Trainee: 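Quick one: structure below, then a few questions.
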Amino acid sequence: MDLSTRYAHAEVEARWYAHWEASGYFSSVPDDREPFVIVIPPPNVTGVLHMGHMLNNTIQDILIRKARLDGKNACWVPGTDHASIATEAKVVRWLRDEKKIRKADLTREQFLEYAYQWKDKYGGIILQQLRRLGASCDWSRTTFTMDKGYYEDCIRVFVDLYRKGKLYRGLRMVNWDPEARTVLSNEEVIYSAETSQMYHIRYFLEDNEEEGIVIATQRPETIFADVAVAVNPNDPRYRSWIGKRVRVPLINRPIPVIADEYVDVAFGTGALKITPAHDPNDYEIGQRHQLPIIDILNDDGTLNERCAYAPLVGLDRFEARRRMQKILETSGHLVKIESYETNIGRSERTNAVVEPKLSLQWFVRMSELAPPALKAVLDREIRFYPENFQNLYRTWMENLRDWCISRQLWWGQRIPAWYLKAEPRNEETHIFVAMTAEEALQQAREATGNKHLTLDDLRQDEDVLDTWASSWLWPISVFDGFRQPEGEIRYYYPTSVLVTGWDIIFFWVARMIMAGYEFRGEKPFRAVYFTGMVRDKQRRKMSKSLGNSPDALKLLDDYGADGVRYGLMSSAAAGNDILFDEKLCENGRNFCNKIWNALRLVKGWKVAETSEEEADLLRNRLAVRWMRAKFSQVLQSLEEDFASFRLSEALLALYSFIWDDFCSWYLEIIKPSFDKPIDRDTYKVTIQLFGELMVALHPFMPFITEEVWHRLSERAPGQDCIVQRYPKATTFDEDVVRRVEAAKALITRIREVRNEYQVKPREALPLGVQDSPSARTLFGLPGMKELVCKLAVLSKVEWHTQEPPNIKSFLSGTEKYFLDIQQQIDYHKERLKLQQELDYQRGFLKSIEAKLANERFVASAPAAVVENERKKRADALARIQILEETLAKLPT
RNA sequence: GGGCGCAUAGCUCAGUUGGUUCAGAGCACCUGCCUUACAAGCAGGGGGUCGUAGGUUCGAAUCCUUCUGCGCCCACCA
């Protein structure tokens, strides 16, 4: 067999992925098997593969492949999300830079045409990249949240919620992004500490030029929107002021001084200007005191004429702020300016400072949707892994505000609400919510009694839905559950597990759960596996803006998909952030190479009917017995790991089983000496076992396992690793496992001695065993002597009833061994080591005896634990006896 | 301000119900090997009082409390 010593991944990956896909292994249709279903967290259509996606999708692929190997009907639905704000921003930039077109110069229809052009050209690259990773998605089911059917579902849901009274249009204080000119959800606002200026400004009494009250504000330009000054009713400094009137600086509009408990006596000056249109708290205070609302800001953040101060009208809020300093100084209202550290909210998308703003928006009534979604998680109807994310979920669900689902964008599902053109904008009294304009017209005719109304008399809402108001329908809509509620969704829903980062637990996870119960009366998934964030070595979240994310495709090139998958999985316990280190992918690549070379070894053997040496046969049979038993033991723990989503543990267990037990021990035991053949039985079992190992590892490292699986032996068409049955644990011979483990310990001890005394690797030495029942038990297994001889490079094993003189002796387990190393032994050193060991064993014995002397321990500990302590005591006693004898006989 | 979580080897982290050799893995480090599968490798080794102080228990890395040092989420004071 002519195989390179290095495993070459690139060609293998491309070949097998194409083969799997062409064989239809990825696609799923309902049948009588148990389904195992995952819907992908749809990445932004604009996205390119990054570390987070790779982690996420590796986990999903592992689960899907495992389910497929378990004989389930595995269905993994891929797709992308239209990501309204992010995509629209990209398209706007693209138009500006490439096409030299400004969005403002386009009609809605023109813009959308360009947007679809852009999407067709640049969108969905990520799905292509996922194939490189090995993701075994059912590509025929690929869904995009703006697909016709999906789009319609969003509209249908909007209408449905409106009719049920769970959706309303209302005036609310929202987070406004003046740059994108759209409302933002709370989750899209990022707060961070920044230094800003605190302006102390004096408001003079209405009828007094001398006396005034000083307020503190960071936004002096908003004073034109002030409608009151509030003080705490319990603040003695200001008690006499309550009820008086003061004048807004510069424009001299009189406003009252009111009392409200909200005002913090200790903060600022203890007097607070009230600006209901531009601050959420002020808005609430304004409501309490029935104060008017003056909105002085335009949508783009410039001041409008309502501020009543001509010099600043039309200026940007920050420019206005800069000028206010001079103006207030000159007019004598400015008391002082202080530097001040505060949290400033910025738009996640545009980084513009967010402006609180009153606005007419559409809201979903969360009080209606949240309770069943909360209950499902608390009752563990939906299980979280790790479980403690329940806390996060709970606190959020118990403190919900209504969900603002309208966005002032064009890229998205347009809100299906129509108004009468005759009514002024934002003051509409008639609202018609319907699937189509025609239906809306029908409603309008009925509502107004005017049969002559036409479509021309109607105006559709300009806004689109929040992206999450489409992605929350994902698990239902991808199976066409709205239009065909009795169709295949009945087979696939609820899905099996959702794999996603914990950062979108609110955006997406919670809302999907709500949608599941609201629209299907059933949870959308049985379990949620939360992945951590992938961070760099400085613990920073990996992001494009920081440029600290390694190029995902380059990683795949350098280490192979299997290597990268290994790297990601080997340090990613559910929910824990992982500090990504390329070194881990290197481990994965090395592991591939190890497997590859094991294949080269095995395939290089000559096979004979049987071996000439009886010793070889005995040894090989023992090796096979041990390997079978150990594999069963490992499979048992693997099943437990999979059941509780402990995937890293499962991978690690396989890694050490393959590398250590299979390669370092098993193959070394059965490896024939140079140019000698191996007996057919052992060979066949080994090929079989090797194949099973590949199947067991396949979910984690699909490509190399498929390749090796096929190279191990001729496979009939369709006999691919990906569609085998996962090996199952059987009852196994624990005794063999135990005794071989003891033998391994003995071999290690012998190698240690050989190393210490620099015995040549090939030089075979005779081993002496001091006769004892435990030694007889160990060597009683057929093939055990031959096994130890081979791996420890021994010429023979001799039994001693008496200690031979002047020979190196050592302990392993409770047995004593002698090794004739043909060298002068350093007795001084030996004595020291023996004494050290003896001291340790005596201390150990003492602690065990103390334990056993404790009546309460013996009475309350489980019998097995007590029994084990007794065994430990016996072993310790045996060791101490041997050590004492050896010491006594040691030449001085 | 409210809440959640973390602290285990030089580094990154496992450690499930308190009890089998539980004090682990990988990396790094040290020693010796290019031994006919693999130097992307082989054989061997050193290294931790499980953050601190108490408590519960026959028994604590594991449960409770304190303190210290980190991290995160939510809310947000003009």
Side-chain angles (χ1 to χ4, degrees), chain A residues 3 5-7 186 191 198-199 215-219 222 230 262-264 266-275 279-282 340 342-343 345 388-389 391-392 394-396 399 502-503 505-506 533 537 539 559 563 570-573 575-581 583-584 586-605 640-641 644 646 648-649 652 655-656 663-664 667-668 671 673-675 747-749 751-756 758 760-762 791 793 844 850-852 854-862 864-869 871-872 875:
Chain A
L3 295 178
T5 61
R6 298 279 166 95
Y7 166 66
N186 286 340
Y191 289 91
M198 185 75 95
Y199 298 76
I215 59 90
T217 180
Q218 291 173 51
R219 301 190 294 166
T222 63
Y262 171 81
V263 182
D264 183 348
F267 193 89
T269 62
L272 172 63
K273 75 189 201 64
I274 303 299
T275 321
D279 183 278
N281 294 306
D282 290 11
Y340 176 68
T342 187
N343 277 337
N388 54 315
F389 280 109
N391 292 328
L392 192 62
R394 180 190 189 145
T395 49
W396 193 72
N399 298 291
W502 53 258
D503 54 334
I505 188 168
F506 308 138
M533 301 293 102
K537 277 187 242 174
R539 294 185 183 277
Y559 302 105
S570 63
S571 83
N576 283 11
D577 288 0
I578 68 170
L579 269 56
F580 183 75
D581 188 346
K583 195 89 192 164
L584 294 169
E586 203 178 312
N587 292 162
R589 182 196 60 184
N590 294 355
F591 186 33
C592 288
N593 204 46
K594 185 72 185 177
I595 294 170
W596 184 249
N597 279 290
L599 172 77
R600 290 180 62 227
L601 173 69
V602 172
K603 292 308 283 184
W605 287 337
E640 288 162 19
D641 288 340
S644 48
R646 295 201 309 262
S648 327
E649 282 88 340
L652 231 59
Y655 175 85
S656 75
C663 293
S664 297
L667 291 181
E668 290 298 333
K671 182 158 91 179
S673 23
F674 182 62
D675 234 21
I747 291 161
T748 300
R749 283 291 284 132
R751 285 170 174 170
E752 200 182 328
V753 171
R754 295 178 62 112
N755 238 338
E756 188 187 350
Q758 312 260 314
K760 291 208 178 68
R762 303 283 195 78
L791 293 192
V793 195
F844 185 61
K851 219 185 239 187
L852 285 168
N854 186 332
E855 281 169 34
R856 282 196 289 181
F857 168 72
V858 180
S860 35
V865 174
V866 178
E867 193 43 52
N868 190 257
E869 291 300 315
K871 166 109 175 42
K872 274 154 77 177
D875 287 355

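Just so it is clear: chains get the letters A, B, ... in the order the sequence lines come, proteins before strands, and each one is counted from 1. Owing to the predicted nature of the structure, the values given are computational and were not obtained by experimental measurement.
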Trainee: With a non-hydrogen cut-off below 4.0 angstrom, is N854(A) in contact with a base, only sugar-phosphate, or nothing?
Mentor: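 Answer is sugar-phosphate: N854(A) comes under 4.0 Å of backbone atoms only.
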Trainee: At less than 4.0 Å, is any side-chain N or O atom of N281(A) found next to OP1 or OP2 of C77(B)? Yes or no.
Mentor: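 Yes, N281(A) has a side-chain N/O under 4.0 Å of OP1/OP2 on C77(B).
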Trainee: Please report the distance separating the P of C30(B) from the corresponding atom of C73(B), rounded so that it comes out in whole Å.
Mentor: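 C30(B) and C73(B) have their P atoms separated by 40 Å.
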Trainee: Do the side-chain N or O atoms of K583(A) get closer than 4.0 angstrom to the phosphate oxygens (OP1, OP2) of U12(B)?
Mentor: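 Answer is no, no contact under 4.0 Å.
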Trainee: In whole angstrom, what separates Y262(A)'s OH from G1(B)'s C1'?
Mentor: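 In whole Å, G1(B) C1' and Y262(A) OH are 12 Å from each other.
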Trainee: Quote, to the nearest angstrom, the P distance that separates C13(B) from C72(B).
Mentor: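 That atom pair is separated by 14 Å.
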Trainee: Could you check whether Q218(A) gets within reach of a base, just the sugar-phosphate, or nothing at all, counting any heavy atom under 4.0 Å?
Mentor: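 Result for Q218(A) = sugar-phosphate.
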Trainee: Return no unless some side-chain N or O of S656(A) is found under 4.0 Å from OP1 or OP2 of A25(B).
Mentor: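 No.
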Trainee: With a 4.0 Å cut-off on heavy atoms, is T275(A) in touch with a base, just the backbone sugar-phosphate, or nothing at all?
Mentor: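 No contact.
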Trainee: When you check the side-chain N and O atoms of N391(A) and R394(A), is any donor under 3.5 Å from an acceptor?
Mentor: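 No donor-acceptor contact under 3.5 Å links the two side chains.
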Trainee: Atom CD of E869(A) and atom C1' of C58(B): how far apart are they, to the nearest Å?
Mentor: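 Nearest whole value for this atom pair: 11 Å.
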Trainee: Whole angstrom is fine here: how far is it from CG in L852(A) over to P in G19(B)?
Mentor: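 So the CG-P distance, L852(A) to G19(B), works out to 18 Å.
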Trainee: With heavy-atom distances below 4.5 Å as the criterion, would you say the side chains of R600(A) and N597(A) are in contact?
Mentor: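 Counting from C-beta outward, R600(A) and N597(A) do come under 4.5 Å.
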Trainee: To the nearest Å, give me how far apart CG (L652(A)) and C1' (G15(B)) are.
Mentor: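 About 12 Å, once rounded to whole Å.
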Trainee: Figure out the CE/P separation between M533(A) and G71(B), and round it to whole Å.
Mentor: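 So the two atoms are 18 Å apart, to the nearest Å.
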Trainee: Under 4.0 angstrom, heavy atoms only, what part of the nucleic acid is G270(A) near: base, sugar-phosphate, or nothing?
Mentor: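 Counting heavy atoms under 4.0 Å across all strands, the contact made by G270(A) includes a base.
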Trainee: When you measure from the side chain of D503(A) to the backbone of M533(A), do you find a donor-acceptor pair of N or O atoms at a distance under 3.5 Å?
Mentor: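 Side chain of D503(A) to backbone of M533(A), a donor-acceptor pair under 3.5 Å: no, none is there.
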Trainee: If a stem is a run of at least 3 consecutive Watson-Crick or G-U pairs, both distances under 3.5 Å, which stems include RNA chain B?
Mentor: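 Ordered by first number, the stems with RNA chain B (at least 3 consecutive pairs each) read B:1-7 with B:68-74, B:10-13 with B:24-27, B:29-33 with B:41-45, B:53-55 with B:63-65.
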Trainee: Verify the distance criterion only: is there a donor paired with an acceptor across the side chains of R646(A) and S644(A) at less than 3.5 Å?
Mentor: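 Yes, because at least one side-chain N or O of R646(A) sits under 3.5 Å from a partner of the opposite role on S644(A).
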Trainee: Please classify the nucleic acid contact of R646(A) as base, sugar-phosphate, or nothing, using heavy-atom distances under 4.0 Å.
Mentor: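 Counting heavy atoms under 4.0 Å across all strands, the contact made by R646(A) includes a base.
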Trainee: Contact between K273(A) and T275(A) at the side-chain level, heavy atoms closer than 4.5 Å - yes or no?
Mentor: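 In short, these two side chains touch, coming nearer than 4.5 Å.
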Trainee: Kindly say whether D282(A) contributes a backbone atom to a donor-acceptor pair with the side chain of D279(A) at under 3.5 angstrom?
Mentor: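 Confirmed, D279(A) side chain pairs with D282(A) backbone.
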Trainee: Are any side-chain N or O atoms of R754(A) and backbone N or O atoms of V793(A), one a donor and one an acceptor, separated by less than 3.5 Å?
Mentor: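 Side chain of R754(A) to backbone of V793(A): a pair is present.
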Trainee: Taking atom C1' in both U31(B) and G69(B), what distance in whole Å separates the two?
Mentor: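 Those two atoms are separated by 38 Å.
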Trainee: Could you tell me how far G32(B) sits from U49(B) if I compare only their P atoms? Round to whole Å.
Mentor: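 One P to the other, the span is 29 Å.
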Trainee: Once you round it to whole Å, what is the distance between P of U21(B) and CG of D875(A)?
Mentor: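 In whole Å, U21(B) P lies 10 Å from D875(A) CG.
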Trainee: When the P atoms of U65(B) and G3(B) are compared, how many Å lie between them, rounded to an integer?
Mentor: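 Looking at atom P only, G3(B) and U65(B) are 14 Å apart.
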Trainee: Which is more 5' along RNA chain B, the nucleotide nearest Q758(A) or the one nearest S644(A)? Just name the residue.
Mentor: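 Its nearest nucleotide being more 5', the pick is S644(A).
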Trainee: Which of parallel (below 30°), tilted (30 to 60°) and perpendicular (above 60°) describes W596(A) and Y7(A)?
Mentor: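 If you compare the ring of W596(A) with that of Y7(A), the planes turn out tilted.
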Trainee: Contact class for V263(A) (heavy atom, under 4.0 Å): base, sugar-phosphate, or nothing?
Mentor: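 Counting heavy atoms under 4.0 Å across all strands, the contact made by V263(A) includes a base.
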Trainee: Return the nearest nucleotide to the side chain of S860(A); candidates are C58(B), G15(B), G5(B).
Mentor: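 Of all the options, the side chain of S860(A) is nearest to C58(B).
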Trainee: Less than 3.5 Å between a donor and an acceptor, one on the side chain of R856(A) and one on the base of U57(B), is that the case here?
Mentor: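 By the distance-only test, no, there is no pair.
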Trainee: Does any non-hydrogen side-chain atom of I215(A) lie less than 4.5 Å from one of T217(A)?
Mentor: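 Yes; the side chains approach each other to less than 4.5 Å.
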Trainee: Going by heavy atoms in the side chains, are F267(A) and L272(A) under 4.5 Å from each other?
Mentor: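 Not in contact.
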Trainee: Between A53(B) and C42(B), how far is it from one P atom to the other, in whole Å?
Mentor: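 Nearest-Å result for A53(B) against C42(B) at atom P: 42 Å.
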Trainee: Roughly how many Å is it from CD in E867(A) to P in G59(B), rounded to a whole number?
Mentor: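 Roughly 21 Å, once rounded to whole Å.
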Trainee: For N868(A) and A864(A), indicate whether the former's side chain and the latter's backbone hold a donor-acceptor pair under 3.5 Å.
Mentor: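 A pair under 3.5 Å: no.
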Trainee: What integer number of Å spans the P atoms of G2(B) and U66(B)?
Mentor: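 Straight-line distance between the two P atoms is 15 Å.
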Trainee: Side-chain contact test, heavy atoms from C-beta onward, threshold under 4.5 Å: evaluate it for E586(A) versus Y559(A) and give yes or no.
Mentor: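 Yes - at least one pair of side-chain heavy atoms lies under 4.5 Å apart.
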Trainee: Please give the distance between the C1' atoms of C76(B) and U16(B) as a whole number of Å.
Mentor: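 These two C1' atoms come out 40 Å apart once rounded.
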Trainee: Which letters describe nucleotides 34-49 of chain B, given B = protein heavy atom under 4.0 Å from base, S = only from sugar-phosphate, - = neither?
Mentor: -SBBB-BSSBSS----
Trainee: Given C77(B), C58(B), C27(B), which nucleotide is nearest the side-chain atoms of N587(A)?
Mentor: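 Of the candidates, C27(B) comes closest.
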Trainee: Scan E649(A) against the nucleic acid and name what it touches under 4.0 Å (heavy atoms): base, sugar-phosphate only, or nothing.
Mentor: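 Sugar-phosphate contact only - E649(A) comes under 4.0 Å of backbone atoms but never of a base.
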Trainee: Base, sugar-phosphate, or nothing for L272(A), non-hydrogen atoms under 4.0 angstrom?
Mentor: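 Base contact.
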Trainee: Expressed in angstrom and rounded to an integer, what is the separation of K872(A) atom NZ from U20(B) atom P?
Mentor: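 Value for this atom pair: 7 Å.
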